[in-house]
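This report refers to the structure that appears directly beneath it.
Just so it is clear, the values below take in all heavy atoms, side chains as well, and ignore hydrogens, waters and symmetry mates.
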Amino acid sequence: MAIVPPTWRKQATKPAYEAQWGHISQGLESVRRIIFIGYSLPKTDLYFRHFIALSLADNPHLPKVYVLNPSILEPGGVRENFLDLFAPLARKGRLYAIPGRFGDPALFDLHRAMALAKPIYPRE
């Protein structure tokens, strides 16, 4: 795997990346849990937002999404970015917040971090 640069198209049409994005998409079709660590899912990252939405559309499971980010519980910003994309999961109580930073000693154990997660619900 290569590191994909933070561009709007993610160089998805280059042969070196095409296979990677294809494997990721196939994996998302059956994933049961997704963990975002430090990523804010900005609304300007159109390629990734559409990619993940389309990849999850064929998933027969209702995955749980965990977000480890220090700003995830603050109104607006990161919280709204995730609620915008994962609103159906949030309504089902399957979008979780883990307020913290990558490298926090309390979060080194990912299973422990997930146990500390709190559901994020959309404001109705």
Side-chain angles (χ1 to χ4, degrees):
M1 288 276 187
I3 296 175
V4 179
T7 62
W8 73 272
R9 288 195 62 231
K10 304 287 190 234
Q11 297 182 349
T13 57
K14 287 194 173 185
Y17 297 117
E18 239 174 42
Q20 285 184 27
W21 286 110
H23 289 300
I24 294 167
S25 182
Q26 286 176 345
L28 287 170
E29 289 176 6
S30 61
V31 73
R32 293 178 184 262
R33 202 171 28 205
I34 301 171
I35 302 168
F36 290 94
I37 300 175
Y39 183 55
S40 63
L41 194 66
K43 292 184 176 161
T44 56
D45 193 348
L46 298 175
Y47 182 87
F48 184 73
R49 292 174 72 84
H50 289 287
F51 171 81
I52 197 160
L54 288 173
S55 296
L56 289 173
D58 293 331
N59 188 325
H61 310 291
L62 196 57
K64 291 182 179 180
V65 175
Y66 295 84
V67 182
L68 194 158
N69 189 298
S71 304
I72 190 61
L73 292 178
E74 296 173 13
V78 176
R79 182 180 187 280
E80 296 308 315
N81 291 347
F82 280 92
L83 279 172
D84 179 55
L85 186 62
F86 295 111
L89 294 176
R91 284 192 293 274
K92 299 281 187 186
R94 299 185 73 80
L95 177 61
Y96 294 90
I98 306 167
R101 296 186 182 283
F102 181 70
D104 284 352
L107 303 176
F108 277 159
D109 179 352
L110 194 53
H111 290 289
R112 182 173 187 264
M114 290 169 43
L116 298 172
K118 303 289 183 215
I120 303 172
Y121 295 102
R123 292 188 181 105
E124 303 286 328

Any link between Leu54 and Ile52 through a network of hydrophobic side chains (Ile, Leu, Val, Met, Phe, Trp, Tyr) touching at under 4.5 Å?
no

With the side chain counted from C-beta on, respond yes when Val67 and Leu95 share a heavy-atom pair under 4.5 Å apart, and no when they do not.
yes

Would you say that Pro63 contacts Leu56 through its side chain, given a criterion of any heavy-atom pair below 4.5 Å between the two side chains?
yes

Roughly how far, to the nearest 0.5 Å, is the CG atom of Leu116 from the NE2 atom of His111?
13.0 Å

CG (Leu41) and CG (Asn81) are apart, to the nearest 0.5 Å, by 6.0 Å

Say you draw a straight line from CZ of Arg33 to NE2 of His61; how long is it, rounded to the nearest 0.5 Å?
12.5 Å

NZ on Lys118 to CD1 on Ile72, rounded to 0.5 Å
14.5 Å

Establish whether Val65 and Leu62 are linked, either directly or via other cluster members, by ILVMFWY side-chain heavy-atom contacts under 4.5 Å.
yes

Would you check, one step at a time, whether the test side chain to side chain contact (heavy atoms under 4.5 Å, CB included) holds for Leu110 with Tyr66?
CA-CA 11 Å; Leu110 194 53; Tyr66 295 84; over 6 Å; no

Quick check: closest heavy atoms across Val78 and Ser71, and the distance to 0.1 Å?
CG2-CB, 4.0 Å

Can you check whether His23 reaches Gln20 side chain to side chain, under 4.5 Å on heavy atoms?
no

Under 4.5 Å between any side-chain heavy atoms of Tyr121 and Leu83, yes or no?
no

Can you confirm whether more than 12 heavy atoms, excluding those of Lys43, are under 6.0 Å from its NZ atom?
yes

With a 4.5 Å cut-off on side-chain heavy atoms, are Pro99 and Asn69 touching?
no

Flag the pair Asp58 / Leu28 as yes when at least one side-chain heavy-atom distance between them is below 4.5 Å, and no otherwise.
no

Note, Leu68 side chain near Met114 side chain (heavy atom, < 4.5 Å)
no

Would you say Phe82 and Leu73 are hydrophobically clustered, going by side-chain heavy atoms of ILVMFWY under 4.5 Å?
yes

Which distance, rounded to the nearest 0.5 Å, do you find between the OG1 of Thr44 and the CZ of Arg49?
8.5 Å

Is a side-chain donor or acceptor of Ser55 paired with a backbone partner of Phe51 at a separation under 3.5 angstrom?
yes

Evaluate the ring planes of Phe86 and Phe36, with Trp represented by its six-membered ring, and classify them as parallel (under 30°), tilted (30 to 60°) or perpendicular (over 60°).
tilted

Do you know the tightest heavy-atom contact between Tyr96 and Ala117?
CB-CB, 3.7 Å

Measure the CZ-CD1 distance between Arg112 and Ile98 for me, rounded to the nearest 0.5 Å.
11.5 Å

